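Following: one structure in structure tokens, then a few remarks.
Quick caveat: nothing in here was measured; it's all calculated off a predicted structure. Below, read A as the first sequence line, B as the second, and so on, with proteins coming before strands; counting in each chain starts at 1.
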2 protein chains.
Amino acid sequence: MDDAVGGERPKIRRNTSATRAATRKANEDAILKAAETVFAEAGFGGATMQLIADMAGLPKANLHYYFATKEELYRKVVERIFKIWLKAANAMDDAAGPAEGIGAYIDAKMEISRKYPNGSKVWASEVMHGAPVIQDYLETTLREWTEGRCAVIRRWIAEGKMAPVDPAHLLYMLWATTQHYADFGHQIETLNGGPLSNADWAAAKTSVKAIILRGIGVPPPN
Amino acid sequence: MDDAVGGERPKIRRNTSATRAATRKANEDAILKAAETVFAEAGFGGATMQLIADMAGLPKANLHYYFATKEELYRKVVERIFKIWLKAANAMDDAAGPAEGIGAYIDAKMEISRKYPNGSKVWASEVMHGAPVIQDYLETTLREWTEGRCAVIRRWIAEGKMAPVDPAHLLYMLWATTQHYADFGHQIETLNGGPLSNADWAAAKTSVKAIILRGIGVPPPN
DNA sequence: TCTTTTTCTGACCGTATGGTCAGGTTCAGG
DNA sequence: CCTGAACCTGACCATACGGTCAGAAAAAGA
């Protein structure tokens with residue numbers, strides 16, 4: 001009977017038998033995931049803590065328990081993306097030549113665009129607005145990585161393994177083309193008349209690799 | 001004497017001997033220009049009418065005289081960009097073949113990225129957030145334009161003037177690569193150690209054209 | 001069981017923002 | 001010179017937002 005009274009709230013137990021640490025991690029992950037979505041869809045300025053809280057299924061005040069400020073939460077989201085992004089960079093390492101190395105890098109970045117489109121959008125938004133949060137990453141980690149890859153490409157060119165192209169502009173083209181499928185995914189879907197199928201994604205990968213590899217004088221492995 | 005009193009304001013005459021229409025146009029242009037900059041730098045949500053007003057040198061209330069709401073102002077900014085963007089599309093028309101047509105299109109789009117980086121950023125931001133304002137453009141004008149160009153490319157392929165590549169993905173690559181120099185200009189400048197010089201821009205154009213034209217099986221005119 | 005620490009949250013606050021409006025100013029047309 | 005329309009703006013308002021906090025609730029430790 002007393003259960004039937006309207007005012008009684010169910011008192012949902014969010015984490016029944018988990019340790020402190022596990023609960024914390026679960027909540028932080030839920031918040032970060034929700035934040036990534038909201039930041040991607042609305043931008044930093046358009047995102048609200050309330051919306052993120054609702055999407056994560058937590059009261060707003062709880063967000064501020066885990067992340068002191070909106071900026072801190074945003075920073076964590078961006079850093080998370082940057083790490084994923086850097087991992088893909090390894091695809092280019094230890095490759096015998098451009099066909100293998102650049103081909104694998106394109107594949108890896110296309111996969112990321114497909115799997116983490118929101119992350120890519122947040123990154124794009126951050127850079128477009130002058131990288132107020134990750135400027136130091138650009139100047140240190142990214143710069144070093146870029147210079148290292150440019151050196152590799154230059155070596156490949158010197159060894160006659162590919163056509164002599166400007167390494168930096170080649171990298172920009174790789175980034176632009178692969179990330180376009182995430183950042184401009186909405187436009188592509190509109191023109192495509194719906195979400196990309198598995199076959200569509202495969203065709204995209206093949207097309208990108210075909211043009212770029214041929215473009216740098218390397219026969220596409222097909 | 002009375003002039004010397006501190007309280008006297010200079011009463012700057014903003015438009016001395018202009019017609020009503022000219023004044024209106026000048027003010028609207030100033031507002032649109034300021035708005036483009038602010039929207040590009042801060043996104044829609046992060047932009048404030050006060051900031052736009054300050055940058056345009058007008059009181060905030062005056063903005064609302066010319067543009068009823070923030071949304072309306074934003075819409076005008078986006079539409080303006082879309083028109084510029086479409087104009088460049090003509091560079092691809094009436095070309096004898098892909099070398100000429102696509103080469104000219106790349107040149108035109110690179111010029112736009114250099115000249116209107118803010119416009120490109122606003123466009124990118126709009127699309128990334130699901131195109132809430134220009135969805136209809138995507139579905140009508142852009143779609144028609146895209147299908148027209150795809151047909152042209154297919155014809156070129158059928159005529160043996162270029163390698164058989166997926167036309168849509170080629171277009172995406174063209175958009176991505178050229179717009180990257182505007183949207184990710186900050187990242188490029190950071191890696192470059194400063195703004196791109198004339199020579200840098202020329203190198204960028206040359207690199208992009210070289211890779212893509214060779215990539216579609218067309219000898220670069222260079 | 002009692003105490004301490006961590007976790008959680010409703011209610012609240014100051015500020016900044018988009019937008020309004022009454023009243024003033026300027027201008028074109030007569 | 002007069003008048004009505006167009007133009008301009010300081011002051012104001014309601015709202016929504018990021019952030020705070022006191023204190024409840026739960027878990028861990030003793």
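Here D:dT20 is the nucleotide among D:dC8, D:dT20, D:dG18 with the atom lying nearest to any side-chain atom of A:Ala61. With C:dG10, D:dG19, D:dC8 as the choices, the nucleotide that has an atom nearest any side-chain atom of A:His64 turns out to be D:dG19. Comparing C:dG19, D:dG18, D:dC8 by their closest approach to the side chain of B:Tyr66 singles out D:dC8. Picking from D:dG19, C:dG19, C:dC8 the nucleotide with the shortest atom distance to the side chain of B:Glu71 gives C:dG19. Relative to the side chain of A:Lys60, the nucleotides C:dG18, C:dC8, D:dG19 differ in distance, and D:dG19 lies closest.
Look at CE on B:Met49: it is 21 Å from P on D:dC12, rounded to the nearest Å. Distance CG (A:Leu51) to C1' (D:dC17): 12 Å, rounded to an integer number of Å. Between the C1' atom of C:dC8 and the CD atom of A:Glu28 lies a distance of 14 Å, rounded to the nearest Å. The distance between atom CD1 of B:Ile52 and atom C1' of C:dT17, rounded to the nearest whole Å, is 12 Å. Regarding A:Asn62, its CG atom lies at a distance of 16 Å from the C1' atom of D:dG18, rounded to whole Å. The distance between atom CD of A:Gln50 and atom P of C:dT9, rounded to the nearest whole Å, is 13 Å. Between B:Ile31 atom CD1 and D:dT9 atom P there is a gap of 10 Å when expressed in whole angstrom units. The distance between atom CG of A:Leu73 and atom C1' of D:dG18, rounded to the nearest whole Å, is 12 Å.
Scanning for side-chain hydrogen bond (donor to acceptor under 3.5 Å, both in side chains) contacts around B:Gln50 gives B:Asp54, with sequence neighbours left out.
The CG atom of B:Asn90 sits 9.5 Å away from the CH2 atom of B:Trp145 when rounded to the nearest 0.5 Å. Annotation: the span from A:Leu191 atom CG to B:Leu171 atom CG amounts to 9.0 Å, rounded to 0.5 Å.
Under 3.5 Å, the side chain of B:Lys70 and the base of C:dG19 form no donor-acceptor pair of N or O atoms.
Contact check for A:Thr141 versus A:Phe82: side-chain heavy atoms found under the 4.5 Å cut-off. In this structure, A:Gln187 and B:Trp123 have side chains that are in contact, with non-hydrogen atoms separated by less than 4.5 Å.
A:Glu72 comes within 4.0 angstrom of no nucleic acid atom, judged by non-hydrogen atoms across all strands. Residue contacts for B:Ala47: at a heavy-atom cut-off of 4.0 Å it reaches the sugar-phosphate backbone alone, with no base atom in range.
Put simply, B:Asn27 has a side-chain N or O that comes within less than 4.0 Å of OP1 or OP2 on D:dC8. Within the 4.0 Å cut-off from OP1 or OP2 of C:dT7, at least one side-chain nitrogen or oxygen of A:Tyr65 is found. Between B:Arg24 and D:dC7 there is a side-chain polar atom (N or O) within less than 4.0 angstrom of OP1 or OP2.
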